[in-house]
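A short write-up of the structure that comes next.
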Amino acid sequence: MALIKEGVVYEAIVTLLAGSEPYATPVGFWRLGDEVLIKLYKGSRTHSLLKTVENPVLNVTRDPFLFYRTAFKSESNGLTREDFIIDEEKGVAYLRNAEAYILLKLIGVVEYEHYGLFKYGILEAREGAVRCVEPYTRCYSSLIEMIVYATKVKAWRDLAGEELEAALRSIEDSFRVVSKTCRSRDYLVLAENIRRLVENWLRR
Ligand SMILES: Cc1cc2nc3c(=O)[nH]c(=O)nc-3n(C[C@H](O)[C@H](O)[C@H](O)COP(=O)(O)O)c2cc1C
């Protein structure tokens with residue numbers, strides 16, 4: 001079962017049904033009393049879609065590939081319909097390979113200049129199909145860090161100066177940890193792909 005403590009920002013993948021199409025994106029979230037909050041920058045498709053969705057789901061996972069495919073949908077193969085469990089009647093989509101699900105109910109959105117703050121109630125928290133506990137590994141967390149900063153380089157077209165340097169430094173620092181802690185070729189290839197995407201975005 002997912003444990004969501006107050007005072008911690010967690011990362012998960014939010015899923016939703018847009019019409020009959022499932023959609024998934026990595027987000028940070030935190031709990032405040034009985035509410036769950038998600039801050040979404042304007043301009044992302046997820047920001048506009050979530051405004052129209054009553055019951056999104058937070059999918060708990062540590063799989064770097066799921067983060068990669070949902071953060072960079074067009075640059076990767078993205079997800080297929082088979083990656084989701086879809087309940088059209090309830091208007092809810094889940095990731096098939098998540099460790100746990102937190103089903104949300106929209107309370108409201110507060111729009112600020114650059115982002116919207118989405119407030120939700122928790123309808124249900126339950127286990128997913130992946131139930132074994134895997135020890136903490138810096139391999140996954142470093143890959144996910146690389147993906148986080150890569151999304152910043154991609155989204156902030158005019159990211160410049162110190163902010164850009166800090167993002168690139170974080171990507172390289174995490175890449176070094178990936179090189180030490182990920183032994184399987186798939187993860188190393190993933191890290192190289194993220195680096196390549198970043199290089200391409202810098203050339204825009
Ligand atoms: C682990 C992780 C957490 C993220 N958290 C957020 C977040 O809380 N808010 C946000 O606006 N973007 C966040 N992002 C970036 C979005 O996932 C990214 O911009 C995504 O490409 C947006 O997809 P879309 O254009 O399909 O909406 C996060 C990315 C990762 C990898």
Side-chain angles (χ1 to χ4, degrees), residues 2 4 8-19 21-32 35-53 56-80 83-84 93 95 97-100 102 104 106 109-120 136-159 163-164 166-168 170-171 173-175 177-178 187 190-191 193-195 197-198 200-201 204:
I4 317 157
V8 181
V9 176
Y10 296 103
E11 313 297 335
I13 296 177
V14 70
T15 46
L16 57 95
L17 262 191
E21 285 310 306
Y23 201 79
T25 300
V27 291
F29 71 96
W30 65 99
R31 191 167 76 85
L32 205 59
E35 291 180 4
V36 163
L37 289 108
I38 304 177
K39 180 175 156 181
L40 273 156
Y41 285 94
K42 291 182 179 173
S44 71
R45 177 128 193 261
T46 311
H47 173 267
S48 48
L49 284 177
L50 271 183
K51 288 182 142 189
T52 66
V53 172
V57 174
L58 287 169
N59 298 262
V60 177
T61 177
R62 303 137 216 252
D63 181 349
F65 284 102
L66 280 177
F67 280 98
Y68 179 69
R69 292 198 187 109
T70 53
F72 305 124
K73 298 167 184 82
S74 54
E75 296 84 353
S76 68
N77 296 329
L79 296 184
T80 65
D83 292 310
F84 293 90
L95 285 185
N97 287 324
E99 290 164 37
I102 304 159
L104 302 175
L106 182 64
V109 189
V110 184
E111 290 290 0
Y112 293 90
E113 192 185 349
H114 297 297
Y115 63 87
L117 191 61
F118 291 70
K119 294 187 185 180
Y120 294 98
Y136 176 80
T137 168
R138 297 170 78 203
C139 168
Y140 297 170
S141 58
S142 305
L143 279 168
I144 295 167
E145 279 299 291
M146 286 185 76
I147 299 165
V148 170
Y149 284 103
T151 64
K152 290 191 196 291
V153 175
K154 184 188 175 192
W156 301 350
R157 289 179 177 275
D158 32 318
L159 186 73
E163 272 181 314
L164 178 62
L168 296 178
S170 301
I171 291 170
D173 288 346
S174 294
F175 182 81
V177 181
V178 168
Y187 294 123
L190 176 60
N193 286 344
I194 299 164
R195 251 181 154 191
L197 287 178
V198 168
N200 289 340
W201 289 320
R204 281 179 306 214

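As the structure lists them, so they are numbered: ligands from 1, and atoms in each ligand from 1. Computed from a prediction, not measured in an experiment: that's the story for all the values here.
When only interatomic distances are considered, the shortest N/O to N/O separation between Ala71 and ligand 1 falls below 3.5 Å. For ligand 1, the polar-atom distance check finds no N/O of Phe72 at less than 3.5 Å from any of the ligand's N/O atoms. Geometrically, ligand 1 and Tyr41 share a nitrogen or oxygen pair separated by less than 3.5 Å. Looking at ligand 1, you won't find any N or O of Thr151 less than 3.5 Å from one of its N or O atoms. For Thr70, no nitrogen or oxygen atom sits less than 3.5 Å from a nitrogen or oxygen atom of ligand 1, counting backbone and side chain alike.
One option in Leu40, Thr46, Val9, Ile38 has a heavy atom closer to atom 12 (N) of ligand 1 than any other, and that option is Leu40. Around atom 16 (C) of ligand 1, the closest heavy atom drawn from Pro26, Ser48, Gly43 belongs to Pro26.
Nearest protein neighbour of atom 25 (O) of ligand 1, counting heavy atoms only, is Arg45 N, 3.5 Å. Regarding atom 5 (N) of ligand 1, its nearest protein heavy-atom neighbour is Gly28 N, 3.1 Å. Distance from atom 22 (C) of ligand 1 to its nearest protein heavy atom, with residue and atom name: Thr25 CG2, 3.7 Å. In this structure, the protein non-hydrogen atom closest to atom 1 (C) of ligand 1 is Val148 CG2, 3.4 Å. Of all protein heavy atoms, the one closest to atom 31 (C) of ligand 1 is Ile147 CG2, 3.5 Å.
Here is the list of ligand 1 atoms found below 4.0 Å of a heavy atom in Tyr23: 24 (P), 26 (O). In the vicinity of Lys39, heavy-atom distances shorter than 4.0 Å reach the ligand 1 atoms 7 (C), 8 (O), 9 (N), 10 (C), 11 (O).
Under 4.0 Å from ligand 1, the heavy atoms of Lys73 that appear belong solely to its side chain. With a 4.0 Å heavy-atom cut-off, ligand 1 is reached by the side chain of Glu11 but not by its N, CA, C or O. The residue Tyr115 has no part lying near ligand 1, judged by heavy-atom distances below 4.0 Å.
Ion pair Glu99/Arg62 flagged as a salt bridge, since at least one NZ, NE, NH1 or NH2 atom sits closer than 4.0 Å to an Asp/Glu carboxylate oxygen.
Distances from ligand 1 to the non-hydrogen atoms of Phe29 include no value under 4.0 Å. Judged by the shortest distance from any of its heavy atoms, Ala155 lies outside the 4.0 Å radius around the atoms of ligand 1.
Between the side chain of Asn59 and the backbone N or O of Ala98, no donor-acceptor pair lies under 3.5 Å. The closest donor-acceptor contact from the side chain of Thr70 to the backbone of Phe67 lies under 3.5 Å. A donor-acceptor pair is defined here as one N or O able to donate and one able to accept, closer than 3.5 Å; no such pair exists between the side chain of Asn200 and the backbone of Leu197. One N or O on the side chain of Ser48 and one on the backbone of Arg45 form a donor-acceptor pair closer than 3.5 Å.
Nearest approach of Met146 to Ala191, heavy atoms of both residues: CE-O, 3.6 Å. The two residues Ile147 and Pro64 make their nearest non-hydrogen contact at CD1-O, 3.6 Å. Pairing each heavy atom of Lys73 with each of Thr25, the nearest pair is NZ-OG1, 3.0 Å. Nearest heavy atoms, Leu50 versus Leu106: O-CD2, 4.4 Å.
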Let me see the working for Leu66 and Leu79 under side-chain contact (heavy atoms from CB on, under 4.5 Å), right down to the final yes or no. CA-CA 8 Å; Leu66 280 177; Leu79 296 184; 4.0 Å; yes

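The one candidate from Ile102, Val14, Val9 that meets the side-chain contact (heavy atoms from CB on, under 4.5 Å) condition with Phe29 is Ile102.
Ring geometry, His47 versus Phe118: the interplanar angle exceeds 60°, so the pair is classed perpendicular (tilted spans 30 to 60°).
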